[in-house]
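In the text below, chain A, chain B and the rest are named by the order of the sequence lines, each starting its count at 1.
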There are 2 protein chains.
Amino acid sequence: MVTLAEVAQHAGVSASTVSYVLSGKRSISMNTRQRVEESIRELGYHPNAGARALASSRSNIIALMIPLRTDMYVPVMMEIAIAVATTARAHGYDVLLLTGEEGPDAVRRVAGSGLADGMILMDVELEDERLPLLRGGAAPDGARPGVPADQPAVLIGLPADTSGLTCVDLDFRATGALCVEHLAKLGHRDVAVIGEAPAVYERHTGFAERTLDGLRSGARESGVRLLHRPCEGGYDAMALTLARILDERPDTTGFVVQNESAVEPLLALLRQQGRAVPEDVSVVAVCPEQVAVQASVRLTSVAIPAQEMGRYAVEHLVAKLDGRDGDEVVLLAPELTVRASSGPAPSRA
Amino acid sequence: MVTLAEVAQHAGVSASTVSYVLSGKRSISMNTRQRVEESIRELGYHPNAGARALASSRSNIIALMIPLRTDMYVPVMMEIAIAVATTARAHGYDVLLLTGEEGPDAVRRVAGSGLADGMILMDVELEDERLPLLRGGAAPDGARPGVPADQPAVLIGLPADTSGLTCVDLDFRATGALCVEHLAKLGHRDVAVIGEAPAVYERHTGFAERTLDGLRSGARESGVRLLHRPCEGGYDAMALTLARILDERPDTTGFVVQNESAVEPLLALLRQQGRAVPEDVSVVAVCPEQVAVQASVRLTSVAIPAQEMGRYAVEHLVAKLDGRDGDEVVLLAPELTVRASSGPAPSRA
DNA sequence: TACGGTTGTCGAAGCGCTTCGACGCAAAGG
DNA sequence: CCTTTGCGTCGAAGCGCTTCGACAACCGTA
């Protein structure tokens, strides 16, 4: 393994000079810089990460905590993870992958050991156990063992109390409103919402509830009757849910779906029942773009901007690490793309 | 930040004693051990990762390289990633997430900097650029700059030449054979294979070709006519592909699908054309269990054992790092689960 | 000519940990 | 009784890097 000292010797300068060439923290003459860079290349030198972390107390690593359970939105998680990794690299950071498994202990461990300089948490729950460990200035002065003050972090998702936290998320409230308004404008009066699996609501992952909130207030404003039903996803569960909905509200002509794995089954079922999309019923989905485009009917949808969220999260975190940025909640504005699954409501019988 | 020295002082012992308590590399009296452990708990001590890595030249980190493109099998990748992370933690390792983006440079960087002790590569291509950097003993003696000899690694997937490498993968050849045999036994004589997107074949990701191999030799042995068509996935592409297949081979009664995003469209299209599954046509899928179970018809399938692959990969890598294990290729035996999508071929008209 | 101000380089002191050799002490052996 | 053995502990030497203060050489200015 090549060391700084060897590079220095090879280039005929001191170790500190090589270090300064690498970090750019002091000015170096053109001549020396080139000699050093040449030696680095020639010897194939890579700075030792451990030594660097020890000396500078910066690991240049960002920890990403992903949820262990994958009952929803796997492609979204993946897309976020990839965006995080890519963006992080662009800023000189690597990404450490943590699963939710360890819970708050993971936060303590990573923060305490200086393994990562900061962390990004996905799938935050409304009252997440990990939040007290992350909250900034608001902490009481008493030193709590194992809890380093103020571990820089960014959340993807929105907890109940965002004070002292930095968060990035899609504005799901606005998303809900947008969906129902779109249907209302098209003349739909009875709209059914096919939601996430009941477990998702029970877990109090805020986004599902916030969407519902938006849907409800949008419905109220535009005089639409709304029926919300959670759904496990999959064909059988969807069949059951759809039957219940149509039984309860036979005049339903609009659907809002927020559950990837219910989308295709719903379309199949509607087709089977002779309800044409979009002539008889309209469907609006909240899902990644790819799902909307690849579905058997190209879906009018609000996209979940996974990449953007990942990118934002990293950029805010890096800014925080550089002391350039405070706590802040960024809600991305939803965009509804009209495709082939929504149209004017059929005139009433 | 609490240091070893502080713990030592608090417990009234020397720093090295604390270190030995932590590592268990020398015997420690019951009494001392307990006092030290108590101090550690009380102070909330976490060893500094950088210092540890520097002193021991072991980072306790495993790098996982995932493909950047997500044109296929996203849930499988995710499942593998999570299995890797979980298993790694169980062995005291953390996981660094790398995207394919950097290519071979990532290998050089990580190996050279001692960031990770070993790496796991997913989505290996037949002639992968990264392989020469990983290959073990076979390397010529001349020191190649930037290429540390013998970076411990495990591949998930199978390259063309596996010499000096450790690999884990599903036995896709056997998988293909298994699928076609199943259909043959049921009396199907004309089988169509709906494959991955053309791009996947062009990229020479071995698994697609190996499956095809297995399918072909299975077909030969059991006297089945086989027609293979790549397919982009999604409804429209599937419609086109299906039309071509039925045009070319109108008597096709068996389908093997190796493309998650083509499964549901295929079922929808068959339904639409009045071809009943499994009465008129049988469908066998190569896909994760979850997809098979959630589809609109419960699919006879060969599962892709993502979790198992992740777990194996980590366990082999850890064994290698402990010097307990050599190079080896592990091919997991496929298992075909019969569900509701396959049945006896209809008697010929 | 002498002066403060840059600019470029160096030496040395750590960062927090692991690990090696040394040492004191009790138990076991002659 | 003294030696040997092994156990439990300690001190010190690094691991490879960053960073601070020092300093020599040079500039322009007084």
Side-chain angles (χ1 to χ4, degrees), chain A residues 1-37 39-40 43-61 92 109-117 148 321, chain B residues 1-37 39-40 43-61 92 109-117 148 321:
Chain A
M1 175 174 256
V2 192
T3 70
L4 230 209
E6 294 177 275
V7 174
Q9 189 171 14
H10 187 272
V13 297
S14 76
S16 49
T17 301
V18 177
S19 178
Y20 286 123
V21 168
L22 251 32
S23 69
K25 292 194 179 168
R26 286 203 183 171
S27 53
I28 297 286
S29 72
M30 195 54 136
N31 192 315
T32 306
R33 155 173 286 109
Q34 283 179 351
R35 268 213 329 284
V36 169
E37 279 168 353
S39 295
I40 289 178
L43 301 178
Y45 168 72
H46 287 272
N48 180 288
R52 199 166 238 198
L54 178 56
S56 65
S57 16
R58 299 284 245 98
S59 64
N60 285 301
I61 289 180
R109 187 170 64 84
V110 169
S113 67
L115 231 187
D117 297 333
L321 291 174
Chain B
M1 176 174 252
V2 191
T3 71
L4 230 209
E6 294 176 275
V7 174
Q9 189 173 13
H10 185 273
V13 297
S14 77
S16 49
T17 301
V18 177
S19 177
Y20 285 124
V21 167
L22 250 33
S23 70
K25 292 194 178 168
R26 284 201 184 172
S27 52
I28 297 286
S29 70
M30 194 56 134
N31 192 315
T32 307
R33 157 174 284 108
Q34 283 179 351
R35 267 212 331 282
V36 169
E37 280 168 354
S39 295
I40 289 178
L43 300 178
Y45 168 71
H46 288 271
N48 179 289
R52 200 166 237 199
L54 177 56
S56 65
S57 17
R58 296 286 244 96
S59 64
N60 284 300
I61 289 179
R109 188 171 62 85
V110 168
S113 67
L115 231 187
D117 297 332
L321 292 174

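Applying the side chain to side chain contact (heavy atoms under 4.5 Å, CB included) test to A/Val21 and every residue at least two apart in sequence or in another chain returns A/Ile28, A/Val36, A/Glu37. Taking A/Arg109 as the reference, A/Glu102, B/Asp94 meet the salt bridge (Lys or Arg N to Asp or Glu O under 4.0 Å) condition, with sequence neighbours excluded. Qualifying side chain to side chain contact (heavy atoms under 4.5 Å, CB included) partners for A/Ser29, counting only residues two or more places apart in sequence or in other chains: A/Asn31, A/Thr32.
Taking all atoms of both residues into account, the shortest heavy-atom contact from A/Ala51 to B/Leu54 is CB-CD1, 3.7 Å.
Under the 4.5 Å side-chain criterion, counting only non-hydrogen atoms from C-beta, B/Ile61 is not in contact with B/Val110.
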Please table the atom pairs, donor to acceptor, closer than 3.5 Å between any side-chain atom in residues 1-15 of chain A and protein atoms at least two apart or in another chain.
residue : atom : partner : partner atom : Å
A/Thr3  : OG1  : A/Ala5  : N            : 3.4
A/Thr3  : OG1  : A/Glu6  : N            : 3.3
A/Thr3  : OG1  : A/Glu6  : OE1          : 3.4
A/Glu6  : OE1  : A/Thr3  : N            : 2.8
A/His10 : ND1  : A/Ser39 : OG           : 2.8
A/His10 : NE2  : A/Glu42 : OE2          : 3.4
A/Ser14 : OG   : A/Ser16 : OG           : 3.0
A/Ser14 : OG   : A/Thr17 : N            : 3.4
A/Ser14 : OG   : A/Thr17 : OG1          : 3.1

Q) How does protein contact run along nucleotides 6-16 of chain C, one letter per nucleotide 5' to 3', with B for base contact, S for sugar-phosphate only, - for none, heavy atoms under 4.0 Å? A) -SSBBB--BBB
Please tabulate, one pair per line, each protein N/O and nucleotide N/O from nucleotides 23-26 of chain C that are separated by under 3.5 Å, including the distance.
none

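For the side chain to side chain donor-acceptor pair (under 3.5 Å) condition, the pairs that include at least one residue of residues 51-60 of chain B, sequence neighbours left out, are B/Arg58-B/Tyr93, B/Arg58-B/Asp117, B/Ser59-B/Asp117.
Between its two ends, the helix from C/dG4-D/dC27 to C/dG30-D/dC1 turns its axis by 50°, counting five pairs per end and rounding to 10 degrees.
Considering only side-chain N and O atoms, B/Lys25 lies nowhere under 4.0 angstrom from the phosphate OP1 or OP2 of C/dT18.
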